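Every heavy atom of this structure was used, including side-chain atoms; hydrogens, water molecules and symmetry mates were not. All values reported here derive from a predicted model rather than from experimental measurement.
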Amino acid sequence: MQPDLHSRALAAHALHQFRTLSPLTHCMTNEVVQNFTANTLLALGASPAMVIEPEEASQFAAVAHAVLINVGTLTESRAIAMRAAVEQAQRANTPWTLDPVAVGALEFRRRFCLDLLSLQPAAIRGNASEILALAGMRGGGRGVDTTDTAAAALPAAQALACRVASIVVVTGEVDYVTDGQRTVSIRGGDPLMTRVVGTGCALSAVVAASCALQGDRLSNVASACSWMKQAGEFATEHSTGPGSFIPAFLDALYNLNAQELA
């Protein structure tokens with residue numbers, strides 16, 4: 001079965017809801033991308049927070065609208081804090097999202113991510129090689145970069161979504177969002193986005209925040225992917241390279257409106 005294209009009208013509706021709620025998003029993310037992730041959420045209208053101390057992380061997960069777990073710069077102490085936050089999120093019915101950065105390449109993070117899957121993530125967002133590795137179909141990737149296409153990883157994403165009862169997003173030239181039964185594709189974006197550190201990690205934060213919205217979670221997560229791809233296209237048209245892309249991208253997110261999306 002071919003994936004359905006995500007409707008821009010649905011993306012417009014979700015954006016209105018997103019800005020009305022302004023989801024408080026607890027980002028336990030890697031050190032490389034914290035600033036860019038926070039600014040991405042702010043530009044879209046969310047409220048970001050980065051709390052990493054284990055006791056505080058657990059407390060904050062109970063009051064946040066959503067939690068992001070990104071293992072890009074995972075350490076033993078961060079793993080303790082992240083697990084504490086996820087356990088509290090589960091108790092508080094706070095949706096949490098996993099970004100399994102480089103999970104196929106390194107054993108410590110592979111074990112940690114596989115362990116977290118039993119705690120019911122609302123969403124998982126990764127590149128093709130990461131999703132393949134997390135699904136147990138094969139490892140790989142080149143560090144944080146994928147060596148597989150998103151389309152090739154779609155069956156793994158669908159199987160993982162069914163097994164974990166989660167929304168799985170596999171990103172690439174085309175993004176695929178699936179709950180194992182339904183799958184939608186989101187086209188757009190630009191290769192320049194891969195030349196800027198943190199666009200994928202920031203997307204994971206937006207996916208996490210979108211899981212706090214009312215309505216169909218698959219549609220809301222697909223909308224998050226759509227917002228980022230559209231902003232990426234606009235930023236590419238109004239920049240001359242990675243340096244000028246970042247401010248243009250943040251401006252594009254800030255200026256997205258429902259009428260343009262629809």
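One finds a salt bridge joining Arg83 and Glu87 here, because a Lys/Arg side-chain nitrogen approaches an Asp/Glu carboxylate oxygen to under 4.0 Å. Salt-bridge check for Arg78 with Glu31: passed, with a basic side-chain N closer than 4.0 Å to an acidic carboxylate O. By the 4.0 Å N-to-carboxylate-O rule, Arg110 lies too far from Asp115 to be salt-bridged with it.
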Any chance you could lay out the side chain to side chain contact (heavy atoms under 4.5 Å, CB included) test for Thr178 and Val184, step after step, and finish with the verdict?
CA-CA 7 Å; Thr178 183; Val184 295; over 6 Å; no
For the pair Asn39 and Asn35, evaluate side chain to side chain donor-acceptor pair (under 3.5 Å) and give the outcome as yes or no after the intermediate values.
CA-CA 6 Å; Asn39 281 329; Asn35 181 269; 3.1 Å; yes
Chi angles and distances behind the side chain to side chain contact (heavy atoms under 4.5 Å, CB included) call for Val221, Val169:
CA-CA 8 Å; Val221 169; Val169 184; 3.4 Å; yes
I would like to know whether Leu44 and Tyr254 meet side chain to side chain contact (heavy atoms under 4.5 Å, CB included); could you show each step before the answer?
CA-CA 5 Å; Leu44 275 168; Tyr254 179 79; over 6 Å; no
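Residue pairs meeting the ring pair (Phe, Tyr, Trp, His ring centres under 6.0 Å) criterion with at least one member in residues 45-64, sequence neighbours excluded: His26-Phe60.
Asn30 pairs in a side chain to side chain donor-acceptor pair (under 3.5 Å) with only one of the listed residues (Thr37, Asn70, Thr73), which is Asn70. A side chain to side chain contact (heavy atoms under 4.5 Å, CB included) with Cys113 holds for exactly one of Leu98, Leu74, Ile124; it is Leu98. The only option from Ile167, Leu203, Val177 that meets the side chain to side chain contact (heavy atoms under 4.5 Å, CB included) definition with Arg125 turns out to be Leu203.
Remark: Glu107 CD is packed, more than 12 non-hydrogen atoms of other residues, nucleotides or ligands lying under 6.0 Å away. In this structure, Arg195 places its CZ atom where only 12 or fewer heavy-atom neighbours from other residues, nucleotides or ligands lie under 6.0 Å away. Environment of CZ in Phe108: crowded, with over 12 heavy atoms of neighbouring residues, nucleotides or ligands closer than 6.0 Å. By the 6.0 Å contact criterion, CD on Glu53 is enclosed, its count of non-hydrogen atoms from other residues, nucleotides or ligands being greater than 12.
Hydrophobic clustering (side-chain heavy atoms under 4.5 Å, transitive across Ile, Leu, Val, Met, Phe, Trp, Tyr) keeps Leu213 apart from Leu68.
The backbone N or O of Thr20 sits nowhere less than 3.5 Å from a side-chain atom of Ser22 that would complete a donor-acceptor pair. At least one donor-acceptor pair closer than 3.5 Å links the side chain of Asp179 to the backbone N or O of Arg182. No donor-acceptor pair closer than 3.5 Å links the side chain of Gln88 to the backbone N or O of Gln59. Looking at Asn220, its side chain does come within 3.5 Å of a backbone N or O of Gln214 through a donor-acceptor pair. Counting only distance, with no hydrogens or angles, the side chain of His238 and the backbone of Ala248 share no donor-acceptor pair below 3.5 Å. Side chain of Ser58 to main chain of Pro54: no donor-acceptor pair is present (N/O by atom type, distance under 3.5 Å, no hydrogens or angles).
Residues satisfying the side chain to side chain contact (heavy atoms under 4.5 Å, CB included) criterion with Ala231, sequence neighbours excluded, are Phe249, Ala252, Leu253.
Inter-residue side-chain proximity for Thr171 and Tyr176 is flagged as unmet; no heavy-atom pair is nearer than 4.5 Å.
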